[in-house]
*Asks:* 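One structure, pasted below without further comment.
All values derive from a computational prediction rather than experimental measurement. Heads up: numbering here begins at 1 and tracks the sequence.
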Amino acid sequence: VTSGVADTVDLSAVYGEATYPDLGQKVWGLHDLDADGDDEIATFGSLTSRATNLILGPTASSGSVAAADYAAYTCDEVASAGDSDAASGADDWLCAQQSYNTYTGRTYIYSGYATFVGTLVGESTNDYSGYAVSGGEDFDGDGYDDYVIGAPGDDDAAAAAGAAYIVYAPISASATTSLASADVKLTGVSA
């Protein structure tokens, strides 16, 4: 149990729509993005045409989610990402799209609930950057949490040997940054 966090959490049911009855195909827990003391949920599914839906906590009862309680994003993968600016006090989160630009992939960074920070774009076609995303660790010891972006289709070491990029935060506000300029690139050793 984390200090200051309640021992019990109400994991209530949330239902999708009849047209797209696949709510919950993917689910992610996110840290508190709106500073109300409750963590959030992101789920891929039917609340808005198979978008990824960010549902604000607390989710106190079963049933459909009211429009005021969620916002729709276009994400294939989602992750909490710590605090990359150490100023706003709001946690970041990552929203990745592997299919962007012939599967080059891109990852959007948001601070708090909906403040856009910037975009990280894959290096090459079929890299699938953003296939996995992570954050919340300070890899360079500067006090800012950094980002990790997976690209399993990267061919630098060998055909589809893959790569993982570490991008040190903070990044330039609203910038689109190629992963070619990532601070660290780790590659697989064979096809």
*Asks:* Determine whether a donor-acceptor pair (N or O, by modelled atom type, separation under 3.5 Å) exists between the side chain of Asp127 and the backbone of Gly122.
*Replies:* no
*Asks:* For Thr52 and Trp28, what are the C-alpha separation, side-chain angles and deciding distance, and is it a side chain to side chain contact (heavy atoms under 4.5 Å, CB included)?
*Replies:* CA-CA 10 Å; Thr52 294; Trp28 303 271; 3.8 Å; yes
*Asks:* For residues Ala96 and Thr107, report the shortest heavy-atom separation together with the two atoms involved.
*Replies:* CB-OG1, 3.6 Å
*Asks:* So how far is it from Leu56 CG to Asp38 CG, rounded to the nearest 0.5 Å?
*Replies:* 9.5 Å
*Asks:* Which value, rounded to the nearest 0.5 Å, describes the distance between Leu120 atom CG and Tyr108 atom OH?
*Replies:* 11.5 Å
*Asks:* May I ask you to test the Ile109-Tyr147 pair for a side-chain heavy-atom distance under 4.5 Å?
*Replies:* yes
*Asks:* Could you state whether Phe116 and Tyr113 fall into the same hydrophobic cluster, counting links through intermediate Ile, Leu, Val, Met, Phe, Trp or Tyr residues with side-chain heavy atoms under 4.5 angstrom apart?
*Replies:* yes
*Asks:* Would you say the side chain of Asp32 lies within less than 4.5 Å of the side chain of Glu40, judging by non-hydrogen atoms?
*Replies:* yes
*Asks:* Within the side chain of Ser129, is there an N or O that forms a donor-acceptor pair under 3.5 Å with the backbone of Thr104?
*Replies:* yes
*Asks:* Working to the nearest 0.5 angstrom, can you tell me the gap between Cys75 SG and Phe44 CZ?
*Replies:* 10.0 Å
*Asks:* Verify, without hydrogens or angle tests, whether Thr43 (side chain) and Lys26 (backbone) share a donor-acceptor contact under 3.5 angstrom.
*Replies:* yes
*Asks:* Looking only at atom types and distance, does a side-chain atom of Gln98 sit under 3.5 Å from a main-chain N or O of Gly130, one as donor and one as acceptor?
*Replies:* yes
*Asks:* I need the single residue from Asp146, Thr177, Leu179 that forms a side chain to side chain contact (heavy atoms under 4.5 Å, CB included) with Val167. Which is it?
*Replies:* Leu179
*Asks:* So, for Gly136 and Asp145, which heavy atoms are closest and what is the spacing to 0.1 Å?
*Replies:* O-OD1, 3.5 Å
*Asks:* Give me the atom names and distance for the closest heavy-atom approach of Tyr144 to Asp140.
*Replies:* O-OD1, 4.4 Å
*Asks:* Using ring pair (Phe, Tyr, Trp, His ring centres under 6.0 Å) as the criterion, list what pairs up with Tyr165, not counting sequence neighbours.
*Replies:* none
*Asks:* Shortest non-hydrogen contact from Glu77 to Tyr131?
*Replies:* CG-O, 3.3 Å
*Asks:* Between Asp39 (side chain only) and His31 (backbone N and O only), is there a donor and an acceptor less than 3.5 Å apart?
*Replies:* no
*Asks:* So which of Val78, Val148, Val133 actually passes side chain to side chain contact (heavy atoms under 4.5 Å, CB included) with Leu94?
*Replies:* Val133
*Asks:* For Arg106 and Thr119, which heavy atoms make the closest approach, and how far apart are they?
*Replies:* CB-CG2, 4.1 Å
*Asks:* Between OG1 of Thr74 and OH of Tyr100, what distance do you get to the nearest 0.5 Å?
*Replies:* 13.5 Å
*Asks:* Could you tell me the separation between the CG atom of Asp92 and the CG atom of Leu33, rounded to the nearest 0.5 Å?
*Replies:* 9.0 Å
*Asks:* Looking at Tyr110 versus Tyr73, is the centre-to-centre ring distance below 6.0 Å?
*Replies:* yes
*Asks:* Closest approach of Ala158 and Ser190, non-hydrogen atoms and distance?
*Replies:* CB-C, 3.7 Å
*Asks:* If I take atom CD1 from residue Ile41 and atom CG from residue Leu30, how far apart are they, to the nearest 0.5 angstrom?
*Replies:* 9.0 Å
